[in-house]
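For clarity, every value in this text was computed on a predicted model and none was experimentally measured. Whatever order the structure lists ligands and atoms in, that order sets their numbers, starting from 1.
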Amino acid sequence: MKFLLLLLADPTKLDPSDYVGFTFFVGAMAMMAASAFFFLSLNQFNKKWRTSVLVSGLITFIAAVHYWYMRDYWFAIQESPTFFRYVDWVLTVPLMCVEFYLILKVAGAKPALMWKLILFSVIMLVTGYFGEAVFQDQAALWGAISGAAYFYIVYEIWLGSAKKLAVAAGGDILKAHKILCWFVLVGWAIYPLGYMLGTDGWYTSILGKGSVDVAYNIADAINKIGFGLVIYALAVKKNEVDVV
Ligand SMILES: *C/C=C(C)/C=C/C=C(C)/C=C/C1=C(C)CCCC1(C)C
């Protein structure tokens, strides 16, 4: 039934007071614009930096496609598109881990570091999905496991081997790494807050249904586009150095 309604969704009937739907709509546009920006800029970079900027574009592009579906889903049935949401994250968050690896490669980062970050990000997301969609009455337990994996990622990039590589690389790479670390510590922290807002019986009564989506949509815009721009800015700087 849900999916039948989805087929009949008419995005032209966006209710002006539907602020949740509005954030899905703007989110889709912003992700599309960012993707166009990253992809169209590719030619200006040499090979070494092109891959990093390409990955920034892939992250926002994958999100743009998912936002397109999530927007329709919300318009059709006014419920959280949790499944699409997590499919999006499980593709894009590992790509963010790849970005850390790519910028630290000059200092000798090994693929093992990338796989470790990817593994923990997948654990974080799969357990989060269990708590949000499958075993909702155990939301606290699954949220805690997910949170532990999240903190491991934070530890690894702020203090662990990724940090050491960033220090070894120094200069612009160290600076960019620092900013990306802040994205993960502060920007990513919005997600567990959204999770708590969406868990029945916790805070749903405060902001109402859909507040979890507003939190996730704002967080995605900050983290996917902002994160991509940090990589872009680093590539612009390093590219100049390499050309000279
Ligand atoms: C582009 C999408 C991004 C950067 C998504 C990040 C998602 C998280 C950091 C989610 C974290 C969660 C917890 C730490 C605990 C509760 C469950 C989650 C999955 C919301």
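The closest approach between W142 and ligand 1 stays at or above 4.0 Å for every heavy atom of the residue. Within the structure, the closest approach of M96 to ligand 1 falls below 4.0 Å when heavy atoms are considered.
In this structure, W188 has its ring center no closer than 6.0 Å to that of W182. Between F135 and W142, a ring centre-to-centre spacing shorter than 6.0 Å is recorded. Ring to ring, Y216 and Y86 are not that close: their centroids are 6.0 angstrom or more apart.
The proximity of Y86 to ligand 1, defined as any non-hydrogen pair under 4.0 Å, is limited to the side chain. Under 4.0 angstrom from ligand 1, there are no non-hydrogen atoms of E132.
Closest to atom 13 (C) of ligand 1 among all protein heavy atoms lies S146 OG, 3.3 Å. For atom 9 (C) of ligand 1, the closest non-hydrogen atom on the protein side is M124 CE, 3.4 Å. In terms of protein heavy atoms, atom 10 (C) of ligand 1 is closest to Y191 CB, 3.4 Å.
Cation-pi geometry between R71 and W68 is satisfied (NZ or CZ under 6.0 Å from the ring centre, within 45° of the ring normal).
Taking every non-hydrogen atom of V93 and a distance limit under 4.0 Å, the qualifying atoms of ligand 1 come out as 2 (C), 3 (C), 4 (C), 5 (C), 6 (C). Those atoms of ligand 1 that come under 4.0 Å of a heavy atom in K224, given as number and element, are 1 (C), 2 (C), 3 (C). Short contacts between ligand 1 and D220, defined as distances under 4.0 Å to a heavy atom of the residue, involve ligand atoms 1 (C), 2 (C). The atoms of ligand 1 that sit less than 4.0 Å from any heavy atom of T92 are 1 (C).
The aromatic rings of W89 and Y191 lie perpendicular to each other, with more than 60° between the two planes, well past the 30° mark.
Between the side chain of Y129 and the backbone N or O of V87, no donor-acceptor pair lies under 3.5 Å. Panel note: side chain D88, backbone F84; no donor-acceptor pair is recorded below 3.5 Å.
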> For K48 and K238, what are the C-alpha separation, side-chain angles and deciding distance, and is it a side-chain contact (heavy atoms from CB on, under 4.5 Å)?
Replying inline: CA-CA 10 Å; K48 210 164 87 197; K238 295 304 260 181; over 6 Å; no

